[in-house]
Each structure stands twice: as C-alpha cells, then as structure tokens.
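So the structure is just underneath, and the comments pick up after that.
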Amino acid sequence: MDKLMTIDKLGSEMLFAMDLTNVVSVSDPAGKILYVNDRFCEISKYRRDEITGKRYSILNSGFHSRKFFSNLWKIVSYGKVWEGEIKNRAKDGTYYWVHTTIIPFEDENRGISKYIAIQKDITNKKETEGTLKLTLNKLANSNKELHAIKHALDESSIVAITDRKGTITYVNDTFCEISKYCREELIGQDHRILNSGHHSREFFKNLWSTIGKGEVWQGEIKNRAKDGSYYWVFTTIVPFLNEEGKPYQYAAIRNDITDQKKSEELLLRSEKLSIIGELAAGVAHEIRNPLTTLKGFMEFLNADEKEEKKKTYYNLLLEEIERINFIAGEFMLLAKPQAVDLSDRRLIDIVQKVIKFLESEIHLKDVVIKLDYDFKDEDVTVRCEENQLKQVFMNLIKNSIEAMPDGGVLHIKITVNSESAVLYFKDEGVGIPPEKIKRLGEPFYTTKEKGTGLGMMVCFKIIQNHHGNIQIESKENIGTTVKVTLPKKTV
C-alpha cells in the first residue's frame, strides 16, 4: 500500500494526461516495477499483476547489448535523465520499439527513490525507417528527413548507385572528390572507368557473381583516379531486389583506406628487410672469404698466361667474381643490426654533390636534370649518414637515366613542411607496370635485364634506418615518380 501511495503523490492529473498518450511505468531504485499503466499492458501483452514486481529484463528482446543497459542504468543512477530507443519483446513473442525517457526522482536525502519511464510506441516509425533504407536511389529528391540521411552518408562515405547492368546512376560529392572525375563524367559510365589493373578478371567475376545472386559483397578494391593516381577503398555493395527477388540496382558504399594500405605495405616491406638483414651479414662474410682467394689466384694465373684465348676466359671469370663480390657488398648494407653514424647535413648539398658526380653520365645519356625547391632557405638540415643518402640518391638518379634510353628530363623537386623534407625524382621514362611496382624492393626482383634487385632493397633499408619512407608511382610510357620522405632536424 505504501508503494501505491507514492504513485498517488505524482498527482492524478499528471497520470491521467500521461495515461492517454504514453506508455508509463514506475520502478524502485533496484529496477523492480512498481506501477504500469493500461497502455503499458496493452503494448507488452502482460497483465498488470504479471508485470508488477518484475524487472524490465522480462521485456528483453536480446537486440541490445549488456553495455547498452549498463550505460543506461549508470546514467539514471547518477540522477540524470536518460533518453533513447529500446526494442522490447512482448509476452506473445512479438517485438515493438519504444522511444523512452527515464526520469530519476530523489528523496529528501537526495538519494534515488524511484524511476519513472515515459515511452512512446515508435514501432511503425522504425518499420518506416527500414523501408526508407530500401529506397536509397530516391535520396536526391526525398524529403528533409531523407536528405539528412543522405547528408550523413555524404560526409562519411563514398556512395554510388548503379542499375542492374552496372551503369552508374548516382554518385555523391565524396566519390567525385576521391576519383577526380566530375559527376557528369561518371553518370552513364560503369566502374571500369576506375579500373587500376591491379585486380584479376576472376576477382571481378566473383564480385558480380555474388551480388547477382542478391548477396552483399564486401572487400578491398584498388582504383585509378582521373589524374592517374591510385587509391584503395573498402567496399560494401548491396543489391536491391524486386518482387521476384532479382537485383534491379546496386548501392556501393566505400571508405578510403589508402593510408592504411600504404602502412601495411611499409610494414610488409619492413618485415622482408628485417628477415634479409638477419641473414645478410653471415652470408656475405662467408661468400667474400673464398671470393678473395679465388680472385687472388685468378689474377696470378692471368698474369702468367700467354695465350690470348685463355686470358679472355680469365678476364671473364674475374668479371663474374667481381659481380658476385658486388652482390655480397649489397647484402652487407642490409646487415642487421647496422650502425648508422648520423650527423646534421644540408640536404641541398648532398643532392648537388650526387648530381655533380654523375654529370658525365648525365650528359652522355642526353639527360637534363632540373632541380627545384619551393623554399627560400637552402639550409634545410636532416640527420643522416651522408654517404648512405648519397648512395640512395645516386641509385634513384641512375634508375631514371636508364629508364630514358633516348634521353629526357629528370625533375628533382624538394619540398619541406614542419616535420619532413620530401624529395620527388620524376623521370620521363618507359614507366613500370602496376603489378611490378608493388614488388620493387624485394630481394632479387628487378625490372632491369641485368639488375640484381638489391639496389632498391638497399635504398628502402637505408631510408628506413633514417626513419623515412619511399613511395613509387608510375605510368607506362609516361614516367616514374619516386617520393622520398626524410624527417627534418628538430631544433
């Protein structure tokens, strides 16, 4: 009776008004239900005597997590109002949604005496929202509520809609921004306009097979923008089905994961370098010892040889020994751990010294080097081992020269920001196919006829030891750009 008396204190007028329009219940501080109105019984399918004295968990639909309810009770137990949407399970097993406001009431000691929950039935509203999701293609001409949903998608995702044949019928601004195409250039096209050549035909065949059956497809896709740059997107393609269960259009929602993929690539390359580095020192040492003996005896025999034919053979053997020695030397640079004596050096000076050293080869191959930097102060200093950086820059410039057998221009541009110095080596050479770029830096993988594949691997290792990174972009028959990022000296 005492508990019922506390209900009376709420005021008969307030209860009458709430009873007409809302689902109302009252519980004690432990969550035990003390009172429910007629509309609560009507929507929950429980009689008043079946629900009074029970906890709200009797209505648990299993839709919400434990954390959801934990946060709810945490808020109201601190005397704060909680508001949100809850999916409940009625006595007959059906589900219903209620927009809920839970108001804590304090006693004279400022402790929680009870909670009043005022709810509105929003089951029809939730069903309507589900229907709206199935009409995504009408976003552009929808009402203000749908326009808000479209705005939220535009802000967070790359969105496109195609018909059943894959022809693009809608793209949002974010799609245009990342692809570098304007909307007019995309509408009426299919997604092959973005094909980077990275994925196989089988990849796209499986994709279309999945969504053609009305199933959702998810995966990572590498695309090519209008300006030739590449970007990665995590893609979810949702088929929209007609009454016969056949797709009549597809909605693709993507998120840009280019930075994530670059980080993964750098990590993978780092792991490969680490493995090779662990083997390099021992292998190179064991190879060089017998090589020194072989070379010495070969030179001795060659010096005493009178027959020209045999001398030719000896010289050929000596050249091959020198080649093996060179490869062993490259391995030595990959040895781990490798001591790097860093000192402060002006970046411009290092680049200019390398260009000067290669001057005769540059002129011989009819190559012009244009050095450009967008800062007035030439005294940009980096912490480095100068000879190692020279080796990297020399390797990159030589690669560019070899990529332009008929001559051309090599642009070397240096930019700086608050943390880094960035060098771009951009040639006008034959370029590198996309499938080969991702393998550059692997041991013994090379695009040159007589290369060892260790040159670029050494470059990656040196720049990694300098806490920088190397990125490569290339277009066949247009040229290659190598981007080297180095941390600036901090004052």
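Worth knowing before you read on, the calculation uses all heavy atoms, side chains too, and leaves out hydrogens, waters and symmetry mates.
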Smallest separation among heavy atoms of Asn255 and Ile158, with atom names: C-CD1, 4.4 Å
Ser70 side-chain N/O to Arg66 backbone N/O, donor-acceptor pair under 3.5 Å: no
Backbone N/O of Leu186 and side chain of Gln189: donor-acceptor pair under 3.5 Å: no
Full working for side-chain contact (heavy atoms from CB on, under 4.5 Å) between Phe393 and Leu423: CA-CA 10 Å; Phe393 298 156; Leu423 300 94; 3.9 Å; yes
Centroid-centroid under 6.0 Å between Trp73 and Tyr78 rings: no
Check against side-chain contact (heavy atoms from CB on, under 4.5 Å), Tyr424 and Ile414: CA-CA 6 Å; Tyr424 298 88; Ile414 308 174; over 6 Å; no
Pair Arg39 + Asp121, salt bridge at N-O below 4.0 Å: no
Any donor-acceptor N/O pair, Ser196 side chain to Lys222 backbone, under 3.5 Å: yes
Closest heavy-atom pair and its distance - His64, Ile86: NE2-CA, 3.4 Å
Qualifying residue, where the test is side chain to side chain donor-acceptor pair (under 3.5 Å) with Glu85 and the options are His99, Lys126, Lys120: Lys126
Derivation of the side-chain contact (heavy atoms from CB on, under 4.5 Å) call for Phe425 and Val484: CA-CA 8 Å; Phe425 297 82; Val484 180; 4.2 Å; yes
Electrostatic pair Lys483-Glu473, nearest N-O below 4.0 angstrom: no
Residue pair Ser418 / Lys488: nearest heavy atoms and the distance that separates them: O-NZ, 4.4 Å
Backbone of Val159 reached by a side-chain donor or acceptor of Arg254 within 3.5 Å: no
is_close_aromatic(Phe63, Trp97), centroid dist under 6.0 Å: yes
Glu185 side chain to Cys182 backbone, donor-acceptor under 3.5 Å: yes
Asp28 side chain vs Lys114 backbone, donor-acceptor pair below 3.5 Å: no
Distance (rounded to the nearest 0.5 Å) between Lys91 NZ and Lys45 NZ: 11.5 Å
Ser44 side chain vs Ala90 backbone, donor-acceptor pair below 3.5 Å: no
Stepwise side-chain contact (heavy atoms from CB on, under 4.5 Å) check, Gln119 with Thr101: CA-CA 6 Å; Gln119 300 174 318; Thr101 302; over 6 Å; no
Residue pair Ser179 / Tyr231, side-chain donor-acceptor N/O under 3.5 Å: no
ring-ring contact (aromatic ring centres under 6.0 Å, His included) evaluation trace for Tyr115 with Trp82: CA-CA 11 Å; Tyr115 300 105; Trp82 183 90; over 10 Å; no
Expected output: side-chain Arg89 to main-chain Thr94 donor-acceptor under 3.5 Å: no
Main-chain N/O of Phe68 paired to Ser65 side chain as donor or acceptor, under 3.5 Å: yes
Derivation of the salt bridge (Lys or Arg N to Asp or Glu O under 4.0 Å) call for Lys165 and Asp163: CA-CA 5 Å; Lys165 295 181 179 179; Asp163 63 18; over 6 Å; no
Stepwise side chain to side chain donor-acceptor pair (under 3.5 Å) test for Glu215 and Thr210: CA-CA 6 Å; Glu215 299 174 3; Thr210 300; 5.1 Å; no
For Val233 against Ile178, the heavy-atom pair lying closest together: CG1-CD1, 4.4 Å
Main-chain N/O of Leu396 paired to Ser400 side chain as donor or acceptor, under 3.5 Å: yes
